[in-house]
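Inspection log for the structure reproduced underneath, given as structure tokens.
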Amino acid sequence: MLQLGKSQKAFDDAKRYLPGGVNSPVRSYRSVGSTPPFISSASGSRIYDIDNNEYIDFVLSWGPMILGHANPEVIASLQEAIPRGTSFGAPTLLETELAKKIQAFMPNMEMLRMVSSGTEATMSALRVARGYTGRDSIVKFIGNYHGHSDSLLVKAGSGLATFGVPDSPGVPKGVAENTITIPYNDIEAVKSLFAEKGDEIAAIIVEPVAGNMGCVPPVPGFLETLREVTKEHDAVLIFDEVMCGFRASSGGAQKLYKIKPDLTCLGKIVGGGMPMAVFGGSAKIMSQVAPSGPIYQAGTLSGNPIAVTAGLATLSILQRDPTIFKSVEDTTERLCEGYRKLAAEHGVPVQVQRVGSMFTIFFTDKPVLNFDDACACNNDHFQTFFHYNLERGIYYAPSSYESNFMSFAHKAADIDTTLEIAGEAFREIAKNM
Ligand SMILES: *Cc1c(COP(=O)(O)O)cnc(C)c1O
């Protein structure tokens, strides 16, 4: 049905020059065993591939495009900015304007620094936390993703508190050993770890709404516990809101769950589709960053005027019309409610988990609270669902461990079409059960 001839050729060609044919692994469609459509353009809720297939897009560049693709106002501000020059490596008015804008959404960001990727933001936030506390160990949760820096590319083996085993060749054992991993949403594991080693721990880094094992909300008391133990032991609490920042709510997870982290990392939406990210938080901690303090951090393209322009335009639109968040969230809930009803009609066990405008359909009959739960889902059902949809023009994340996203450009007709095809896909799954 779906013609991907040109994409197939392009993929073969790309594989000769780029590892796996891509610049980021999940784009290769390896986990779904097929050829990724090569994208030529995108507009609103739609993306188009080089074979002229059209898709309703729920990946949205993995989150950034909350206003939909090629928002006319964002594009116009870029067109205005580009002729003035693409990079200066010097301060601009735009950067302070964006910092103020971010602070309006997230008052905890008393001071912040702009970087070029989420990876850079979390890596730098960790350095700041370590420099500030004078401690080396950090805590991360199994199944949370914080970019690909050495300290954070660590997964757990079995057991409750596993001391770092590198997740990738090339990560030094000595670095990984400083990363302690425990299960997400496990309040007792957090408490016992801190009772034992709290005074050696520089920071907890957490996705306050997990998105990188699929959408997994924090259980009641989880984030509160993180706040308590870090406070008690003078460790730094880092919220990695690179994904959930402007998705869980207008002020991210910290606003939704009313928890004040010490440091926050933002990315994705904050750059409006350009390479931009941010870390920041209390002025006391952030003033330790060079040149006002001793903790070194720098970047040639940090605060790049084009990236900042895209971020500023995006946040300005969101700030001017605060109903956008509610509207996007309502659309997401309507879609999720639709999935639940259709899956039930066809007798397919699913958990449709949603926070704000992030959502995942887990093929399982019990709620997914952590990475083990996510791994226990039915991957055959996911594969059937994914391919059935892609072939009919619905573009979901090509892995069961991912969140999908909604944009303001997705309208009722998009949702109707999406649900119609989802219903057929559930029927297809039911046939093979
Ligand atoms: C995407 C993501 C990152 C990494 O951001 P990049 O820009 O891909 O480096 C870090 N943390 C979370 C929670 C993310 O979703």
Side-chain angles (χ1 to χ4, degrees), residues 22-28 58-66 106 113-127 129 138-155 167-168 179 181 184-185 203-218 223 226 237-248 252-254 256-257 261 263-281 297 299 301-304 307-308 310-311 314 355-360 370-371 374 397-399 401-405:
V22 291
N23 283 310
S24 198
V26 73
R27 296 178 196 170
S28 70
F58 293 103
V59 179
L60 295 171
S61 187
W62 302 89
M65 315 316 300
I66 192 168
M106 296 189 187
R113 174 149 291 172
M114 293 166 195
V115 293
S116 299
S117 71
T119 294
E120 225 187 314
T122 55
M123 178 186 82
S124 306
L126 277 192
R127 182 176 308 136
I138 58 139
V139 177
K140 84 172 274 290
F141 294 95
I142 301 166
N144 278 14
Y145 177 70
H146 305 291
H148 65 88
S149 73
D150 282 351
S151 294
L152 293 166
L153 259 197
V154 176
K155 73 174 171 191
D167 215 9
S168 160
T179 303
T181 54
Y184 194 70
N185 273 332
I204 295 180
I205 185 165
V206 64
E207 286 185 73
V209 173
N212 287 288
M213 50 181 160
C215 180
V216 178
L223 298 176
L226 303 187
L237 178 60
I238 306 172
F239 272 14
D240 178 356
E241 298 222 38
V242 169
M243 184 186 289
C244 62
F246 299 93
R247 292 225 168 251
Q254 51 199 277
L256 182 62
Y257 299 106
L263 294 176
T264 299
C265 301
L266 299 173
K268 301 196 166 108
I269 288 174
V270 84
M274 295 291 283
M276 230 256 319
V278 161
F279 68 98
Q297 197 286 330
L301 293 175
S302 295
N304 172 269
V308 169
T314 300
V355 177
S357 57
M358 305 162 53
F359 67 94
T360 298
N370 57 39
F371 190 60
S399 157
Y401 301 110
E402 300 287 354
S403 286
N404 296 283
F405 303 98

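Below, each value reflects all heavy atoms present in this structure, side chains not excepted, and no hydrogens, waters or symmetry copies. Read the numbers this way: they start at 1 and go in the same order the structure lists the ligands and their atoms.
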Going by heavy atoms, is Lys268 under 4.0 Å from ligand 1?
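Yes, Lys268 has a heavy atom closer than 4.0 Å to ligand 1.
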
On the 0 to 90° scale, with breaks at 30° and 60°, tag the Tyr401-Phe371 ring pair as parallel, tilted or perpendicular.
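The arrangement is tilted - the two ring planes meet at 30° to 60°.
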
Minimum heavy-atom distance between [X] and [Y], given as atom pair plus value:
| X | Y | answer |
| --- | --- | --- |
| Ala307 | Met276 | CB-CG, 3.6 Å |
| Thr122 | His146 | OG1-O, 2.6 Å |
| Ser357 | Arg247 | OG-NH1, 2.7 Å |

Give me the residue, atom name and distance of the protein heavy atom closest to [atom].
| atom | result |
| --- | --- |
| atom 11 (N) of ligand 1 | Asp240 OD2, 2.6 Å |
| atom 8 (O) of ligand 1 | Thr119 OG1, 4.6 Å |
| atom 7 (O) of ligand 1 | Gly118 N, 2.8 Å |

Please say whether Thr122 places an N or O atom under 3.5 Å from an N or O atom belonging to ligand 1.
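In fact, backbone or side chain, Thr122 has no N or O that close.
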
Ligand 1 and Glu207, any nitrogen or oxygen pair closer than 3.5 angstrom?
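No; every N/O pair is 3.5 Å or more apart.
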
Say whether, by atom type as modelled, one donor and one acceptor occur between the side chain of Arg113 and the main chain of Gln297 under 3.5 angstrom.
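Yes, because the side chain of Arg113 sits within donor-acceptor range (under 3.5 Å) of the backbone of Gln297.
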
Find all atoms of ligand 1 within a distance of less than 4.0 Å from any non-hydrogen atom belonging to [X], and give their numbers and elements.
| X | answer |
| --- | --- |
| Ser117 | 7 (O), 9 (O) |
| Met243 | 15 (O) |
| Tyr145 | 11 (N), 12 (C), 13 (C) |

Side-chain touch Tyr184/Val206, heavy atoms, less than 4.5 angstrom:
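Tyr184 reaches Val206 side chain to side chain.
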
For ligand 1, indicate whether the residue Asn144 contacts it via side chain, backbone, both or neither (heavy-atom separation under 4.0 Å).
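No part of Asn144 is near ligand 1 at this cut-off.
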
If you round to the nearest 0.5 Å, how far is CG of Asn144 from CD1 of Ile204?
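Answer for the CD1-CG pair, Ile204 versus Asn144, is 11.5 Å.
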
